[in-house]
Amino acid sequence: MIKAIRGTRDLLPPDTALWNFVEKTVGEVFGAYNFQEIRTPIFEATELFARGVGEETDIVSKEMFTWEDRGRAQSEKNQLLTLRPENTAGVVRAYIEHNLQQRGLNKLYYIGPQFRRERPQKGRYRQFYQIGAEVIGPASSGSESPMRDAELLEMLATLLDRLGVTGWTLELNSIGCAADRARYNEALRQALDPVKDKMCGDCQRRAVTNPLRVFDCKVPEDQPIIEQLPRISEYLDEPCRQHFGQVKEILTSAGVPFTLNDRLVRGLDYYTRTAFEFTHGALGAQNAILGGGRYDGLSESLGGPPVPGIGFAIGEDRLVMSLGKTAEEVSRKPDVYIAPLGAGMNKEAIRLARELRRHNIVAELGDETFRLKKSLETGSKLGAKYALIVGENEVSTGVFALKNLATGEQKSVARNELAGAIRASQ
RNA sequence: GUGGGAGUAGCUCAACUGGCAGAGCACCGGACUGUGGCUCCGGUUGUUGCGGGUUCGAUUCCCGUCUCCCACCCCA
């Protein structure tokens with residue numbers, strides 16, 4: 001048997017109803033903040049991610065699905081292509097390519113699959129889905145304003161509430177601009193140098209390669225040492241400090257609760273200033289529902305104009321897991337099960353189904369070879385509200401038997417009143 | 001990439017130290033020709049993840065492999 005390959009999975013009904021519920025709500029909520037959808041290709045030039053996400057990140061250095069194109073044209077020959085591991089680089093590439101800066105401030109969102117070659121576990125798949133949004137534009141359009149950071153975070157809080165996700169936590173930090181991080185990295189290295197020998201193996205490696213990651217360490221023995229390390233908040237320059245201060249102020253006045261976490265660092269190279277994560281307890285070790293932050297230098301590093309931006313990505317698989325609702329609650333059941341009774345009734349039944357469906361009634365259609373008993377049973381199992389009996393008596397008189405499958409009550413309804421009778425109960 | 005656990009019917013799970021693969025639920029048919037949910041009877045439940053090995057005999061023991069789950073790394 002051919003099976004879905006490692007780290008990929010089929011989403012089947014009724015679960016797909018949950019995904020549709022999430023995506024529909026996302027469209028409504030983001031739409032209210034004047035975000036518009038963008039769709040970028042599923043694969044891009046490998047170079048885009050190497051330059052955008054960062055050559056040294058785990059994503060680029062060991063998790064990408066990359067292959068060499070076999071095109072014969074000179075322009076395609078030996079071109080390295082990669083299934084997108086995230087979508088921000090693609091959005092910024094499209095922004096640059098189509099000169100979207102001419103449109104002022106862009107507020108874009110996307111929903112789609114991403115690919116990373118990691119070992120699968122709870123909340124982690126090789127093909128996974130992200131819902132993301134980006135606010136990007138020239139500084140004169142207000143893209144750099146702390147208002148954008150706060151608005152984005154407030155929108156996320158609203159979305160989670162609308163979806164019925166309870167018990168989330170917003171963790172907030174500022175990781176400063178590039179110069180701040182360079183000074184901070186240096187300070188961390190110096191602070192770690194005398195103590196790193198007492199730390200775990202991972203930390204000893206991080207202390208040299210990427211000191212910021214030391215803060216991810218979960219080894220209990222290392223925590224007292226980590227507590228003593230200098231904090232990024234002490235290394236922010238004045239503009240960054242003020243920017244972060246305003247983000248916090250606006251957020252507070254908007255009534256969005258948050259927790260400061262100066263150990264929160266983002267893993268992709270392009271992040272600057274505001275960094276955040278929404279976490280949820282029901283997710284196991286992969287407890288981040290979504291993460292994001294500012295990326296004021298990303299466009300330039302991809303050869304584009306200097307356009308500040310901020311964005312986030314939601315792990316849709318994880319979001320669906322943390323949903324309080326069940327698939328049953330968000331599924332639409334048939335309003336009516338149409339039961340043709342006896343030879344020749346199929347033709348009548350499909351005409352009735354067509355009329356009712358045009359009234360936005362969900363109708364399931366039986367078959368004339370079914371006995372009435374089987375039809376009623378089938379309708380019940382499907383969760384239909386009514387059974388509509390289509391027999392010779394009904395067709396000849398134009399008055400149909402409409403049975404409420406929950407109560408057993410049955411009444412006679414004229415053909416032109418059927419839609420009204422069925423919809424009355426919706 | 002590393003470590004641990006698990007794979008038996010559509011689902012949840014049994015099967016002593018190696019001895020005829022089972023139960024519940026679900027599904028299909030009948031009792032019951034135009035009125036369901038209850039009851040009774042009957043039926044399929046199946047390459048025991050896959051491939052090898054040991055054995056008279058393997059779901060069971062051994063080796064390999066695949067997948068899933070949990071954790072690490074890292075991220076959403």
Side-chain angles (χ1 to χ4, degrees), chain A residues 1-9 12 53-54 56-63 85-88 111-132 156 200-203 205-206 209-210 212-213 216-219 264-268 271 276-280 283-293 311-322 337 339-343 345 366 368-384 386-394 400-410:
Chain A
M1 182 173 40
I2 300 175
K3 294 189 287 190
I5 62 173
R6 184 177 173 80
T8 71
R9 55 182 183 152
L12 306 173
V53 177
E56 303 305 317
T57 61
D58 280 21
I59 292 176
V60 171
S61 65
K62 57 187 196 194
E63 295 173 3
E86 57 93 59
N87 217 333
T88 298
I111 299 176
Q114 318 291 336
F115 306 85
R116 294 181 197 173
R117 200 182 177 290
E118 299 181 272
R119 183 92 167 251
Q121 69 181 79
K122 187 181 180 73
R124 165 177 289 164
Y125 307 95
R126 290 185 169 186
Q127 174 173 337
F128 61 105
Y129 293 80
Q130 285 190 333
I131 300 168
L156 285 165
C200 68
D202 284 329
C203 281
R205 178 177 49 80
R206 292 167 176 141
T209 59
N210 194 351
L212 280 177
R213 296 248 74 87
D216 289 337
C217 181
K218 287 159 189 161
V219 177
L264 174 68
V265 290
R266 310 256 76 236
L268 285 60
Y271 284 114
F276 56 87
E277 222 165 67
F278 282 70
T279 58
H280 193 276
L283 293 178
Q286 309 305 318
N287 67 345
I289 275 185
L290 69 92
F312 62 81
I314 303 170
E316 190 174 1
D317 308 78
R318 296 180 187 178
L319 180 60
V320 168
M321 277 193 282
S322 57
Y337 183 89
L341 216 61
M345 290 300 116
E368 65 187 18
T369 64
F370 292 178
R371 294 206 311 246
L372 180 56
K373 177 189 171 80
K374 179 175 172 181
S375 290
L376 294 175
E377 251 173 34
T378 305
S380 278
K381 278 179 199 158
L382 290 171
Y386 292 102
L388 176 61
I389 298 167
V390 184
E392 281 182 34
N393 297 342
E394 284 79 4
F400 292 82
L402 187 64
K403 183 179 180 97
N404 184 317
L405 286 168
T407 64
E409 179 195 1
Q410 182 168 322

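Numbers restart at 1 for each chain; the letters A, B, ... are given by sequence-line order, proteins then strands. What's counted below: heavy atoms across the whole structure, side chains too, no hydrogens, waters or symmetry copies.
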Write down the distance between OH (Tyr337(A)) and C1' (G37(B)), rounded to a whole number of angstrom. 16 Å
Find the distance Glu409(A):CD to U35(B):P and express it as a whole number of Å. 19 Å
To the nearest Å, give me how far apart NZ (Lys374(A)) and P (A31(B)) are. 14 Å
Scan Ile389(A) against the nucleic acid and name what it touches under 4.0 Å (heavy atoms): base, sugar-phosphate only, or nothing. base
Take atom P in U65(B) and the same atom in G22(B), then report the distance between them in whole Å. 33 Å
Whether the side chain of Asp317(A) engages the backbone of Arg124(A) through a donor-acceptor N/O pair (distance < 3.5 Å, no angle test) should be reported. no
Mind checking the CG-NE2 spacing from Leu319(A) to His280(A)? Nearest 0.5 Å is all I need. 9.5 Å
side-chain contact (heavy atoms from CB on, under 4.5 Å) between Tyr271(A) and Val265(A), worked out: CA-CA 9 Å; Tyr271(A) 284 114; Val265(A) 290; over 6 Å; no
For the backbone of Glu118(A) and the side chain of Arg126(A), can you confirm whether one donor and one acceptor N or O come within less than 3.5 Å of each other? yes
Can you find a donor-acceptor pair, distance only, under 3.5 Å between Glu394(A) side chain and G34(B) base? yes
Could you work out the separation of G1(B) and G18(B) based on their P atoms and round it to a whole Å? 34 Å
At less than 3.5 Å, do the side-chain atoms of Arg119(A) and the base atoms of G3(B) form a donor-acceptor pair? yes
Just checking Asp202(A): base, sugar-phosphate only, or nothing, at a heavy-atom cut-off of under 4.0 Å? sugar-phosphate
Side-chain N or O of Arg206(A) versus OP1/OP2 of C74(B): is the shortest distance under 4.0 Å? yes
Check every strand shown and say whether Asn87(A) touches a base, only sugar-phosphate, or nothing at a heavy-atom separation below 4.0 Å. nothing
Would you measure the distance from the C1' atom in A26(B) across to the matching atom in C20(B) and give it in whole Å? 27 Å
Under 4.0 angstrom between Gln130(A) side-chain N/O and A76(B) OP1 or OP2: no
With a 4.0 Å cut-off on heavy atoms, is Glu86(A) in touch with a base, just the backbone sugar-phosphate, or nothing at all? nothing
Across all strands, who's sitting opposite A6(B) as a Watson-Crick or G-U wobble pair, both distances under 3.5 Å? U67(B)
Quick one: Lys381(A) NZ to C27(B) C1', roughly how many Å, whole number? 8 Å
Does any donor-acceptor pair link the side chain of Lys403(A) with the base of U35(B) at a separation under 3.5 Å? yes
For Leu372(A), answer base if it contacts any base atom (sugar-phosphate contacts may also be present), sugar-phosphate if it contacts only those atoms, and nothing otherwise; contact means non-hydrogen atoms under 4.0 Å. base
5'-most contact on RNA chain B: Val390(A) or Arg126(A), nearest heavy atom basis? Arg126(A)
Looking at Arg124(A) and C74(B), is any side-chain donor or acceptor paired with a base atom of the opposite kind under 3.5 Å? yes
What nucleic acid atoms does Glu377(A) come within less than 4.0 Å of, heavy atoms only: base, sugar-phosphate, or nothing? sugar-phosphate
G42(B) versus G49(B) - spacing of their P atoms, nearest Å: 31 Å
Rounding to a whole Å, what distance do you find between Leu341(A):CG and U33(B):C1'? 10 Å
Scanning all shown strands, the Watson-Crick or wobble mate of A23(B) with both distances under 3.5 Å is U12(B)
Complement of U39(B), any strand, by Watson-Crick or G-U distances under 3.5 angstrom: A31(B)
Taking only the C1' atom of each, what is the distance from U17(B) to A71(B) in whole angstrom? 34 Å
Roughly how many Å apart are G57(B) and A21(B), using the C1' atom of each and rounding to a whole number? 15 Å
Euclidean distance, Ile5(A) CD1 relative to Gln127(A) CD, rounded to 0.5 Å: 9.0 Å
Using a 4.0 Å heavy-atom cut-off, does Lys122(A) contact any base of the nucleic acid, only the sugar-phosphate backbone, or nothing at all? sugar-phosphate
Between Arg318(A) and Ala4(A), which has a closest nucleotide on RNA chain B that is more 5'? Ala4(A)
If you look at every strand shown and take non-hydrogen atoms under 4.0 Å, does Lys3(A) touch a base, only sugar-phosphate, or nothing? nothing
At 4.0 Å (heavy atoms only), tell me whether Glu118(A) reaches a base, stays on the sugar-phosphate, or touches nothing. base
Base, sugar-phosphate, or nothing: which does Gly391(A) touch, judged by heavy atoms less than 4.0 Å apart? base
Quick one: label Gly408(A) by what it contacts on the DNA or RNA (base, sugar-phosphate, nothing), any heavy atom closer than 4.0 Å. base
Quantified in whole Å, what is the P atom distance between nucleotide U12(B) and nucleotide U35(B)? 38 Å
Please give, in whole Å, the distance from C72(B) P to Asp58(A) CG? 15 Å
I'd like to know if the side chain of Arg318(A) reaches the main chain of Ile289(A), judged simply by a donor and an acceptor atom lying under 3.5 Å from each other, with no hydrogens or angles considered. no
Taken to the nearest whole Å, CD1/Ile59(A) to P/G1(B) is 17 Å
Mind checking the NZ-CD1 spacing from Lys403(A) to Ile389(A)? Nearest 0.5 Å is all I need. 7.0 Å
Run the side-chain contact (heavy atoms from CB on, under 4.5 Å) check on Ile111(A) and Tyr129(A) step by step: do they pass? CA-CA 7 Å; Ile111(A) 299 176; Tyr129(A) 293 80; 5.9 Å; no
Quick one: look up who C74(B) pairs with, Watson-Crick or G-U, both distances under 3.5 Å, and put none if it's unpaired. none
Nearest-Å distance once atom C1' is located in both U8(B) and A23(B): 13 Å
Assign Leu319(A) to base, sugar-phosphate, or nothing according to its heavy-atom contacts below 4.0 angstrom with the strands shown. nothing
To the closest 0.5 Å, what do you measure between CD (Glu377(A)) and CZ (Phe370(A))? 11.5 Å
Could you tell me whether Gly292(A) contacts a base, only the sugar-phosphate backbone, or nothing, with contacts defined as non-hydrogen atoms closer than 4.0 Å? nothing
Can you tell me the distance, in whole Å, between the CZ atom of Phe370(A) and the C1' atom of G29(B)? 14 Å
Counting the atoms with a prime plus P, OP1 and OP2 as sugar-phosphate, which does Arg9(A) contact under 4.0 Å by heavy atoms, base, sugar-phosphate, or nothing? nothing
